[in-house]
Amino acid sequence: MTPFDLVVTRQGARFMGRRFPCAIGRGGIVPARAKREGDGATPAGVHTLTGMLYRADRLVRPADWAVALRPSDLWSDDPADPDYNLPVRAPHPHRHERLMRPDPLYDLVLLTDWNWPQAEPGRGSAIFVHVWRKPRHPTAGCVAFALADLRWIAARIRHRTRLVVRL
């Protein structure tokens, strides 16, 4: 591990010498081989950060490589969808999650390589790093931070930054 790794445990996170409170999935942290769609668990392991999305109508661009969300942006979480665990556009005939939410959860999102790019149906869709609902409130499997902390982290991510989730 390096100081550029965002290391997450049940107790919180560490990045570039700082500690942050964070939320994990309601199902806790599980070995990656045990992760399943809908289990609410955060998969342990080393995950590459593959993208950054943000709400341009709510935030200034957090990093030069961040991509602004559009109203039609969705994420497929339907194992029967050929585009399972991929970004898709509205209208979309399969089950999906809207990325431009009315709440602030996805105002800033880091994408990971969990079950991507060749998704195995049922193994679990996206594991995002996003804004928490309230302090340490469990997620559906993602990792979540206070907006101010996530903005601090996002501004300092480098090409070699990884999300390391430890059991």
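Treat the numbers as computed from the prediction; the structure is a model and nothing was measured.
Within the model, atoms CZ of R58 and CG of L69 stand 10.0 Å from one another, a figure rounded to the nearest 0.5 Å. Here CZ of R98 is found 8.5 Å from OG of S72. Values are rounded to the nearest 0.5 Å. Expressed to the nearest 0.5 Å, how far CG of D78 lies from CG of N85 amounts to 11.5 Å. The line from NE2 of H96 to CG of L86 is 14.5 Å long, rounded to the nearest 0.5 Å. To the nearest 0.5 Å, atoms CZ (F20) and CZ (F15) are separated by 7.5 Å. The CD atom of Q11 lies 11.5 Å from the CZ atom of R14; values are rounded to the nearest 0.5 Å.
Closest approach of R10 and I29 over heavy atoms only: NH2-O, 3.1 Å. The two residues A23 and H137 have their closest heavy-atom pair at CB-O, 3.2 Å. Contact record, W114 with K35: CZ2-CG, 3.3 Å, taken as the closest heavy-atom pair. The nearest pair of heavy atoms linking D83 to S76 is O-CB, 3.2 Å. Considering all non-hydrogen atoms of both residues, D103 and R133 come closest at OD2-NH1, 3.9 Å. Nearest heavy-atom pair across G141 and P43 is O-CD, 4.3 Å.
Within the 4.5 Å cutoff, side-chain heavy atoms of V8 are placed close to those of C22. Between R123 and E37, the closest side-chain pair of non-hydrogen atoms is not below 4.5 Å. Contact annotation: the side chain of W75 never approaches that of V88 to less than 4.5 Å [non-hydrogen atoms, C-beta and beyond]. Side-chain contact between D81 and H92: present, with at least one pair of heavy atoms (C-beta onward) separated by less than 4.5 Å. Side-chain contact between T42 and C142: absent, with no pair of heavy atoms (C-beta onward) separated by less than 4.5 Å.
At distances below 3.5 Å, not a single donor-acceptor pair connects side-chain atoms of D107 with backbone N or O atoms of L59. A donor-acceptor contact shorter than 3.5 Å links the side chain of Y84 to the backbone of G124. Using modelled atom types, one side-chain atom of D5 and one backbone atom of T2 make a donor-acceptor pair closer than 3.5 Å. Listed for the R156 side chain is a donor-acceptor partner under 3.5 Å among the backbone atoms of W152. A donor-acceptor pair under 3.5 Å links the side-chain atoms of D113 to the main chain of T48, judged by distance alone. Panel note: side chain E97, backbone D77; no donor-acceptor pair is recorded below 3.5 Å.
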Working for side chain to side chain contact (heavy atoms under 4.5 Å, CB included), residues L110 and L150 | CA-CA 9 Å; L110 304 177; L150 187 53; 4.2 Å; yes
Starting from the C-alpha separation in whole Å, work towards a yes-or-no answer on side chain to side chain contact (heavy atoms under 4.5 Å, CB included) for L6 and V164.
-> CA-CA 6 Å; L6 176 58; V164 179; over 6 Å; no
Step by step, work out the side chain to side chain contact (heavy atoms under 4.5 Å, CB included) result for L53 and F128.
-> CA-CA 10 Å; L53 306 173; F128 295 149; 5.9 Å; no
Output, in order, the C-alpha distance, side-chain angles, deciding distance and verdict of side chain to side chain contact (heavy atoms under 4.5 Å, CB included) for L49 and T112.
-> CA-CA 4 Å; L49 298 178; T112 73; 4.0 Å; yes
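Note on W65 and I153: same hydrophobic cluster, where clusters join Ile, Leu, Val, Met, Phe, Trp and Tyr whose side-chain heavy atoms are under 4.5 Å apart, directly or indirectly.
At most 12 heavy atoms of other shown residues, nucleotides or ligands fall within 6.0 angstrom of atom CZ in R166. Sparse packing is recorded around NE2 of H159, with 12 or fewer heavy atoms of other residues, nucleotides or ligands lying under 6.0 Å away. Applying the 6.0 Å contact sphere to CZ of R26 captures more than 12 heavy atoms from other residues, nucleotides or ligands.
Both tests do not hold together for R158 against F4: distance to the six-membered ring centre under 6.0 Å, angle to the ring axis within 45°.
Each of D64, L111, L108 was evaluated against M52; a single residue qualifies, L108, per the side chain to side chain contact (heavy atoms under 4.5 Å, CB included) test.
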